[in-house]
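Report on the following structure.
What you see is a predicted model; the values in this text were computed from it and never measured.
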Amino acid sequence: MILTTLRSPLLAIALVVALVATACGTNNGSGNAAGASGAPASAGGSQAAGSEAPGSGGASPAANLSGELTVWAMGNEGTKLSTLADAFTKANPGVKVSVTPVDWGQAVAKLTTAIAGNTTPDVSQMGTDMMGQFGATGAFDPVPADIDPSAFFQSAWNTNQVGGAASGVPWYVETRLLYYRTDIATKAGITSPPATWDDLMAMAKAMKDKGGAKFGISLGTKNWQEYFPFLWQNGGDVVDASGNPALNSPQAVEALTFYDSFFKAGLTPKSVPEGFDITPAFVKGDNPMFFSGPWHLGLIDTAGGAAFKGKWAIAPMPKKVTATSFLGGSNMVVYKNSKNKDAAWAFVKFVSDPKTQALWYTTATDLPAVQSAWDDPTVKGDPNVALFGEQLKDTKAQPVSATWSELSSAINDTLEKMTSGAMEPQAAADQMQKDAMSIGVK
């Protein structure tokens, strides 16, 4: 049966601003917005009153915390973090927390300047794709040993591994699912979402040829976040077990060939206008399928209105070898230059507490990185959100690399050449491998 679309009032809280909330980058082609476990290094840190370090086995007595604490947070999170800061202060009245909102567009420059000038805050939000770049500077304080990695989604914890040591703590996560028009699928004779790659291709063809849609699916022309899930699903990876680039493996070439086949068949646009927004195209029916995160639940509701209810649904990623999806989100880091590390780590533990994670979900609609927080009724009460929770169990993120910004840009350039028809998949894979070898991924 086709999945029915159910939506929660909680997900309508941050309709448009949630588009900015993701820290993992921009999904240009689809108009989306948008980030091995090692034992954490030992360091000092105190437990916040009333909170429990995830996986620590029980709440510890509150430390006598005092002094000032500066926290930087980006985008939507920066404007809403005062809710958690107020809750932390209530539990720790001796601490004064000052939150500085930072625009995502200015975050890299601001953090670079602060680290270079030894003027960092005590704590800051850190996009999962930024961990390698800033972790390589040695500016982060090691994660205390009493924070248990197993409390978090494994792929989220892995984004904090810099040089084999945990340098940050997952704060919130996001992943991608398939959004599709159930009414157009029904018209095309499709009665269930695609379970495999072959199903996805067949459904895209049917949506266009029988359902009357302009295209069958919307895929990014230059979007590594959209391509990588196909690479992972096919049993490939960005790097091999030794950490060396593996972007032209047989699995990678096959994944690129499959990805490109949608463009070659005219099932997805070969180019999109700058700033293209998939939401109205989806509501109109031109692009009846696309991959995106939970922020689109509210955006579609708003764009489609009451008349659009029941005409769309979400579904898990289609499977090849696996059904892996992309993992993004943000972490929290404490800086070595912090003059109040006890309060800083207490704050990080506080925002990682399952109850605080549930509060943050109702505040900013960010998905919890702590697995036990998904048992909270405010989180698991929405069936659509629960689907994202299930998908989070099978996710991966990009490598933690100091050069990721440069390499991902090069990968996107090559993807654009391939999807526009100027380069074949094998040549694209070889170019990606060449760039990765030249730029580096460690």
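For Gln391 (side chain) and Asp394 (main-chain N/O), a donor-acceptor pair under 3.5 Å exists by modelled atom type. With Thr137 contributing its side chain and Ala139 its backbone, the two residues share a donor-acceptor pair below 3.5 Å. Judged by distance alone, the side chain of Ser438 and the main-chain N or O of Lys434 form no donor-acceptor pair under 3.5 Å. Looking at Gln357, its side chain does come within 3.5 Å of a backbone N or O of Val370 through a donor-acceptor pair. A donor-acceptor pair under 3.5 Å is formed between the side chain of Thr356 and the backbone N or O of Phe350. Using a distance-only test at 3.5 Å, with no hydrogens or angles considered, no donor-acceptor pair links the side chain of Thr113 to the main chain of Lys110. No side-chain donor-acceptor contact under 3.5 Å links Asp435 to the backbone of Ile411. The closest donor-acceptor contact from the side chain of Ser409 to the backbone of Ser405 lies at 3.5 Å or more, if one exists at all. The main-chain N or O of Gly236 is never found under 3.5 Å from a side-chain atom of Ser249 such that the two would form a donor-acceptor pair. A donor-acceptor contact shorter than 3.5 Å is absent between the side chain of Tyr227 and the backbone of Lys222.
For the atom pair CD1 (Ile300) and CH2 (Trp295), the distance works out to 11.5 Å, reported to the nearest 0.5 Å. The OH atom of Tyr259 lies 13.5 Å from the OG1 atom of Thr257; values are rounded to the nearest 0.5 Å. In this structure, the separation between OG on Ser292 and CD on Glu174 is 8.0 Å, given to the nearest 0.5 Å. From Leu231, atom CG reaches atom OG1 of Thr324 across 10.0 Å, with rounding to the nearest 0.5 Å. One distance of note links CH2 of Trp104 with OG of Ser330; it measures 4.0 Å at 0.5 Å rounding. Separation of atoms CG (Leu111) and CD1 (Ile115) is listed at 6.0 Å; rounding is to 0.5 Å.
Residues Gly168 and Val333 approach most closely at CA-CG1, 4.0 Å, considering heavy atoms. Here the closest heavy-atom approach between residue Ser155 and residue Leu392 is recorded as OG-O, 4.4 Å. Nearest heavy-atom pair, Phe326 versus Pro229, reported as atom, atom and distance to 0.1 Å: N-CG, 3.9 Å. Heavy atoms only, all atoms of each residue included: Gly285 and Ala213 are closest at O-CB, 3.3 Å. The shortest non-hydrogen separation linking Ala73 to Leu81 is CB-CD2, 3.8 Å. Pairing each heavy atom of Pro425 with each of Val253, the nearest pair is CB-O, 4.3 Å.
Looking at heavy atoms from C-beta onward, Ile147 lies in side-chain contact with Phe152 at the 4.5 angstrom threshold. Contact annotation: the side chain of Met201 approaches that of Ser261 to within less than 4.5 Å [non-hydrogen atoms, C-beta and beyond]. Using a 4.5 Å heavy-atom threshold, the side chains of Asn76 and Thr365 count as separate. Side-chain contact between Asn160 and Met131 is present, with at least one heavy-atom pair separated by less than 4.5 Å. Looking at heavy atoms from C-beta onward, Thr120 lies out of side-chain contact with Trp72 at the 4.5 angstrom threshold. Side-chain contact check for Val173 versus Leu327: some heavy-atom pair is nearer than 4.5 Å. You'll find the side chain of Leu177 stays beyond 4.5 Å of the side chain of Ser325, heavy atoms only. No side-chain heavy atom of Tyr180 sits less than 4.5 Å from a side-chain heavy atom of Pro288.
In Lys210, the NZ atom is not crowded: 12 or fewer heavy atoms of neighbouring residues, nucleotides or ligands sit closer than 6.0 Å.
Between Phe140 and Phe134, the distance separating the two ring centers is not shorter than 6.0 angstrom. For Phe290 and His296, the ring centers sit closer than 6.0 Å to each other. Checked against the 6.0 Å centroid threshold, Trp157 and Phe153 do not count as a close aromatic pair.
Between Asp353 and Lys355, no side-chain nitrogen of the basic residue sits less than 4.0 Å from a carboxylate oxygen of the acidic one, so the salt-bridge criterion is not met. Using a cutoff of 4.0 Å between basic side-chain nitrogens and carboxylate oxygens, Glu226 and Arg176 are not scored as salt-bridged. Look at Lys349 and Asp146 and you find a salt bridge, because one of the NZ, NE, NH1 or NH2 atoms lies within 4.0 Å of a carboxylate O, short of that distance.
When the ring-ring contact (aromatic ring centres under 6.0 Å, His included) test is applied to Trp360, the partners found at least two apart in sequence or on another chain are Trp171. Scanning for salt bridge (charged side-chain N to carboxylate O under 4.0 Å, His left out) contacts around Asp260 gives Lys264, with sequence neighbours left out. Listed by chain and number, the residues in a salt bridge (charged side-chain N to carboxylate O under 4.0 Å, His left out) with Lys396 are Asp237 (sequence neighbours excluded). For Lys393, the salt bridge (charged side-chain N to carboxylate O under 4.0 Å, His left out) partners are Glu390, not counting sequence neighbours. Under the rule for a side-chain hydrogen bond (donor to acceptor under 3.5 Å, both in side chains), Thr419 has no partner lying at least two apart in sequence or in another chain.
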* Derivation of the side-chain contact (heavy atoms from CB on, under 4.5 Å) call for Tyr361 and Asp376 -> CA-CA 10 Å; Tyr361 167 73; Asp376 191 285; over 6 Å; no
* Check the pair Met289 / Met203 against side-chain contact (heavy atoms from CB on, under 4.5 Å), numbers first and verdict last. => CA-CA 9 Å; Met289 289 197 295; Met203 188 166 178; 3.9 Å; yes
* Would you check, one step at a time, whether the test side-chain contact (heavy atoms from CB on, under 4.5 Å) holds for Met418 with Glu424? => CA-CA 6 Å; Met418 183 191 74; Glu424 289 299 310; over 6 Å; no
* To do: Using the side-chain contact (heavy atoms from CB on, under 4.5 Å) rule, take Leu367 and Val385 through it: C-alpha gap first, then chi angles, then the decisive distance, then the call.
  => CA-CA 8 Å; Leu367 302 181; Val385 175; 4.0 Å; yes
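Here ring-ring contact (aromatic ring centres under 6.0 Å, His included) pairs that include residues 184-204, with residues two or more places apart or in two chains, are Trp197-Phe230, Trp197-Phe258.
Remark: of the listed residues Asp198, Asn234, Leu200, Asn234 is the sole one forming a side chain to side chain contact (heavy atoms under 4.5 Å, CB included) with Lys320.
If you check the side chains of Asp199 and Thr196, you find a donor sitting under 3.5 Å from an acceptor.
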